[in-house]
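Right, one structure below, let's go through it.
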Amino acid sequence: VGCVWGRFSLFLNCPSCAVSHDVFKWSILSSPGKEMAFDWIGETATGRNSDYLSINAFAFRQFFEAEFSMTLDIDTWSGVRLALKYPFVINHAPEIGECKINPANGTAFFTKFVVRCINFKDKNIPLTYKMIASDLHGFAKISSLKENTLGSVLYMGKALSSPPSFLPAGVLANSYSIKIYVQVYDSLGAFSQVTLYATVHAPTDKSSSKNVLDQLLNLTTGPNSVIPPLLQKQDFLSAGYLTYVVASVLNGIKSKSILKADKARLREYLINQTLVFPMGNLMEISQLVMAVATLTQEPSEIPHMPLQH
């Protein structure tokens, strides 16, 4: 499947070919066999006369969703003519609908937010909704990316709405704004993306630092802690997200000497919990990176402890 937003690359695997002497020509054919017009100079990194082909992202944006074939005609040095064919399907991302976050303004660990999307359309169903909370305050800037979607996944599934969820605390430098990316995937993997914003104040605006820290300790290490049950169910996505949110709130609590020991104990506990997080795919790795990176933003509060295995 060829997605219009992705790069598309093919190469000739022919150990017996004399690549430096053979003549190559790539073409794109429709399913009836008609050659399609294509800008081989502007839309590829390689041109059409090489044993390797690299087509730029979005090069197929004007193509209809349909079946096509990439063909490679080879005039070999020995005089033999070869014609190779690679079938592929153009798949467009879902038609963008509308997403809203409710409420749009609240307080971390006091307010639960719901993200809901409607009217996304695609013929390749079911659609999958991936919702990412992104607060990169304190992270190094990735200058090579125009729009960095690094963040922690708060929900991924087929439902149009996320479950009611806490969001990380924003910071004053960003006007307490938290960015939410919603990526809607079709069944073939193409996705559309919209961006939402919520204003999330720190809970210390409503309550004392000690009360907020006690709330975090009860939520994570107390008798009614929610993280161990999530790990027992192997719901690592939710466990990673909750760890990230707790760490964001913890970072906003001023380091008073009377609270420093409890803050360090909570960081130690959460860092040890992340040791069981899986790293089997990019989403799991991203979830782990966000949790650990947010937990370690205050080095003075990280005790020198032997990590539990």
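Because only heavy atoms are used, hydrogens play no part in the values below, and waters and symmetry mates are left out as well, while side chains stay in.
Scanning all heavy atoms of the two residues, the minimum distance from V276 to F236 falls at O-CE2, 3.7 Å. Of all non-hydrogen atoms in G47 and L53, the two that sit nearest each other are O-CD1, 3.6 Å. The shortest heavy-atom contact between L196 and C99 is CD2-O, 3.3 Å. Shown here for T46 and S54, the closest heavy-atom pair between the two residues is OG1-N, 3.1 Å. The two atoms that bring D122 and I125 nearest to each other are O-CG2, 3.2 Å, heavy atoms only. Closest approach of Q287 to G151, counting heavy atoms only: OE1-O, 4.5 Å.
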- [ ] Quick one: do L213 and L266 satisfy side chain to side chain contact (heavy atoms under 4.5 Å, CB included)? Show the steps, please.
- [x] CA-CA 9 Å; L213 182 56; L266 180 52; 4.2 Å; yes
- [ ] Report the C-alpha separation of V153 and Y244 in whole Å, then their side-chain angles, then the decisive distance to 0.1 Å, and conclude whether the side chain to side chain contact (heavy atoms under 4.5 Å, CB included) test is met.
- [x] CA-CA 10 Å; V153 178; Y244 162 68; over 6 Å; no
TODO: Determine, step by step, whether T204 and I253 satisfy the side chain to side chain contact (heavy atoms under 4.5 Å, CB included) criterion, reporting the C-alpha distance in whole Å, the side-chain angles of both residues, the deciding distance to 0.1 Å, and the verdict.
DONE: CA-CA 7 Å; T204 48; I253 298 176; 4.3 Å; yes
TODO: Might you work through the side chain to side chain contact (heavy atoms under 4.5 Å, CB included) test for V212 and F109, ending with a clear yes or no?
DONE: CA-CA 9 Å; V212 172; F109 275 103; over 6 Å; no
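Inter-residue side-chain proximity for P87 and F68 is flagged as unmet; no heavy-atom pair is nearer than 4.5 Å. Annotation: side chain of V115 is not in contact with side chain of Y155 (no heavy-atom distance under 4.5 Å). N105 places a side-chain heavy atom less than 4.5 Å from the side chain of H201. Two residues are said to be in side-chain contact when any heavy atoms from C-beta on lie closer than 4.5 Å; T199 and Y197 fail this criterion. Between T44 and F38, the closest side-chain pair of non-hydrogen atoms falls below 4.5 Å. Considering only heavy atoms from C-beta on, T111 stays 4.5 Å or farther from V200 through its side chain. Taking 4.5 Å as the limit, some side-chain heavy atom of M36 sits within range of a side-chain heavy atom of F63. Between Y129 and K158, every side-chain heavy-atom pair lies at or beyond the 4.5 Å cut-off.
Cluster annotation: Y176 and F110 are assigned to distinct hydrophobic clusters (Ile/Leu/Val/Met/Phe/Trp/Tyr, side-chain heavy-atom contacts under 4.5 Å, transitive). Grouping the Ile, Leu, Val, Met, Phe, Trp and Tyr side chains by contacts below 4.5 angstrom, directly or via other members, places V114 apart from L237. No single ILVMFWY cluster, assembled from side-chain heavy atoms under 4.5 Å apart, contains both V249 and L172. Hydrophobic clustering of Ile, Leu, Val, Met, Phe, Trp and Tyr side chains at less than 4.5 Å, counting indirect connections, unites Y269 with L259. Residues I178 and L150 are members of one and the same hydrophobic cluster, defined by side-chain heavy-atom contacts under 4.5 angstrom among Ile, Leu, Val, Met, Phe, Trp and Tyr.
No salt bridge links K263 with E298; every basic N to acidic carboxylate O contact stays at or beyond 4.0 Å.
Checked against Y86 for a side chain to side chain contact (heavy atoms under 4.5 Å, CB included), the options T71, L10, L72 give a single hit: L10.
Donor-acceptor pairing under 3.5 Å is lacking for the side chains of Y181 and Q183. Inspection of the R48 and S27 side chains reveals an N or O donor paired with an N or O acceptor under 3.5 Å. In the model, T76 has a side-chain atom that pairs as donor or acceptor with a side-chain atom of S78 under 3.5 Å.
Listed for the E65 side chain is a donor-acceptor partner under 3.5 Å among the backbone atoms of H92. Side chain of D186 to backbone of L127: no donor-acceptor contact under 3.5 angstrom is found. Of the possible donor and acceptor atoms, one in the side chain of Y241 sits under 3.5 Å from a partner among the backbone N and O of F166. Looking at N56, its side chain does come within 3.5 Å of a backbone N or O of G42 through a donor-acceptor pair. For the pair S248 (side chain) and A169 (backbone), a donor-acceptor distance under 3.5 Å is present. With S286 contributing its side chain and L282 its backbone, the two residues share no donor-acceptor pair below 3.5 Å. Using modelled atom types, no side-chain atom of D22 and backbone atom of I74 make a donor-acceptor pair closer than 3.5 Å. At distances below 3.5 Å, not a single donor-acceptor pair connects side-chain atoms of S207 with backbone N or O atoms of P203. R81 places no side-chain N or O within 3.5 Å of a backbone atom of D73 that could act as its donor or acceptor partner. Formation of a donor-acceptor pair under 3.5 Å by the S69 side chain with backbone atoms of K85 is not found in this model.
Within 6.0 Å of CG on L82 lie more than 12 heavy atoms contributed by other residues, nucleotides or ligands. No more than 12 heavy-atom neighbours from other residues, nucleotides or ligands sit within 6.0 angstrom of CE on M279. No more than 12 heavy-atom neighbours from other residues, nucleotides or ligands sit within 6.0 angstrom of CD1 on I258.
Using bins of under 30°, 30° to 60° and over 60° for the plane-to-plane angle, the ring pair H21/W77 lands in the parallel bin. Between F8 and F60, the angle of the ring planes goes over 60°, which puts this pair in the perpendicular group of the 30/60° scheme.
Grouping Ile, Leu, Val, Met, Phe, Trp and Tyr by side-chain contacts under 4.5 Å, direct or through others, puts Y52 with F11.
With values rounded to the nearest 0.5 angstrom, L270 atom CG is found 5.5 Å from L295 atom CG. Note that CG of L154 and CZ of F113 are 11.0 Å apart. Values are rounded to the nearest 0.5 Å. Between the OG atom in S134 and the CD1 atom in I180 there is a gap of 8.5 Å [rounded to 0.5 Å]. Atom-to-atom distance recorded for F277:CZ and I285:CD1 is 14.0 Å, nearest 0.5 angstrom. A distance of 5.0 Å separates CE of M156 from CE of M283, quoted to the nearest 0.5 Å. Remark: M131 CE to S161 OG distance equals 6.5 Å, nearest 0.5 Å.
Remark: S238 engages L230, D235 in a side chain to side chain contact (heavy atoms under 4.5 Å, CB included) (not counting sequence neighbours). Listed by chain and residue number, K210, N211 satisfy the side chain to side chain contact (heavy atoms under 4.5 Å, CB included) test with S208 (two or more places apart in sequence, or in another chain).
A cation-pi arrangement, defined by a distance under 6.0 Å to the six-membered ring centre and an angle within 45 degrees of its axis, is absent between K130 and F191.
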